[in-house]
Amino acid sequence: GKAETFVSKTVSILGKDGSAEVPTTLTIADPHFSMSRAGDFYISPNPLPSMDSHFIVEFIREDSADGSIKVSHAPLSPSDRKLTTQELYDNAVRDARNSDSVSLISSSLVTLDGLAGYALTTTYSGQDTDIIKESAITLLDGDASYFIIYTDLDRDFDAHEADFRDILMS
């Protein structure tokens, strides 16, 4: 199958038959982390890894240019490396609550595939005055983090949230 290295991570994006023609599963070797497509979302690998080495893959809905789930992996800042998961979570919640442009809907500590982190769901104004709803999950991985961000129009978000959860739990 197709395997590329992003931020020292081996990433495999394979289809059901083991080919990379119609990718259905994202697997990261160390630490083990995987996600499979669900519902109307399909996997679109990073087309330009040399331009954005932190971006890994995007799950895109065929029926919408607005709904997507982006997965990336990036180093933590030196100051964030010294903080606990709880402290990073508290900072993220405080920042969202203090923002004039974002409304915090919900927040929680999470664990996925053995990686601890936190989730924030927010809304904000998008282009053309559309309200955008976003669920952002940060998973800590040593001196780096995975970011899994589901963004959609507020009016479409709830209809596809189950697919997002299925992708997370796959």
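Just so it is clear, the model here is predicted, and its values are computed rather than measured.
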| Straight-line distance of Asp130 CG to Arg155 CZ, nearest 0.5 Å | 5.0 Å
| query | What are the two closest heavy atoms between Glu87 and Lys82, and how far apart are they? | reply | OE1-O, 4.3 Å
| said: I want to check something: taking the side chain as every heavy atom from C-beta on, are Leu153 and Ile132 in contact at a cut-off of under 4.5 Å? | reply: yes
| said: Quick check on the hydrophobic clustering: are Ile131 and Ile105 connected, directly or via other members, by side-chain heavy-atom contacts under 4.5 Å? | reply: no
| request: Starting from the C-alpha separation in whole Å, work towards a yes-or-no answer on side chain to side chain donor-acceptor pair (under 3.5 Å) for Asp90 and Gln86. | output: CA-CA 6 Å; Asp90 291 343; Gln86 182 69 52; 2.8 Å; yes
| request: Quick one: pull up NE2 in His160 and CD1 in Ile167 and give me the separation to the nearest 0.5 Å. | output: 11.0 Å
| message | Tell me which one of Val110, Thr138, Leu139 satisfies side chain to side chain contact (heavy atoms under 4.5 Å, CB included) with Leu115. | response | Leu139
| said: Any non-hydrogen side-chain atom of Ser135 less than 4.5 Å from a side-chain atom of Leu120? | reply: no
| field | Atom pair CZ/OG1 of Phe164 and Thr151 - distance to nearest 0.5 Å | value | 9.0 Å
| remark: d(Asp152 CG, Asp163 CG) to nearest 0.5 Å is 10.5 Å
| query | Using 4.0 Å as the upper bound for N to carboxylate O, is an ion pair formed by Lys133 and Asp156? | reply | no
| message | Using ring centroids (six-membered ring only for Trp), state whether Phe59 and Tyr150 fall under 6.0 Å. | response | no
| query | Quick one: does Ser101's side chain get under 4.5 Å of Tyr124's, heavy atoms only? | reply | no
| Distance from Tyr118 atom OH to Asn91 atom CG, nearest 0.5 Å? | 8.0 Å
| field | same_hphob_cluster(Leu112, Tyr146) at 4.5 Å side-chain heavy-atom cutoff | value | yes
| message | Set out, in order, the CA-CA distance, both residues' side-chain angles and the distance that settles side chain to side chain contact (heavy atoms under 4.5 Å, CB included) for Ile69 and Ile149, then state yes or no. | response | CA-CA 5 Å; Ile69 301 165; Ile149 302 173; over 6 Å; no
| message | Just to verify, what does Asp80 make a side-chain contact (heavy atoms from CB on, under 4.5 Å) with, not counting sequence neighbours? | response | Leu76, Ser77, Leu83, Leu88
| query | Is there a path of hydrophobic side-chain contacts, each under 4.5 Å between heavy atoms of I, L, V, M, F, W or Y residues, that connects Ile148 with Leu104? | reply | no
| How long is the gap from OG on Ser108 to CD1 on Ile137, to the nearest 0.5 Å? | 8.0 Å
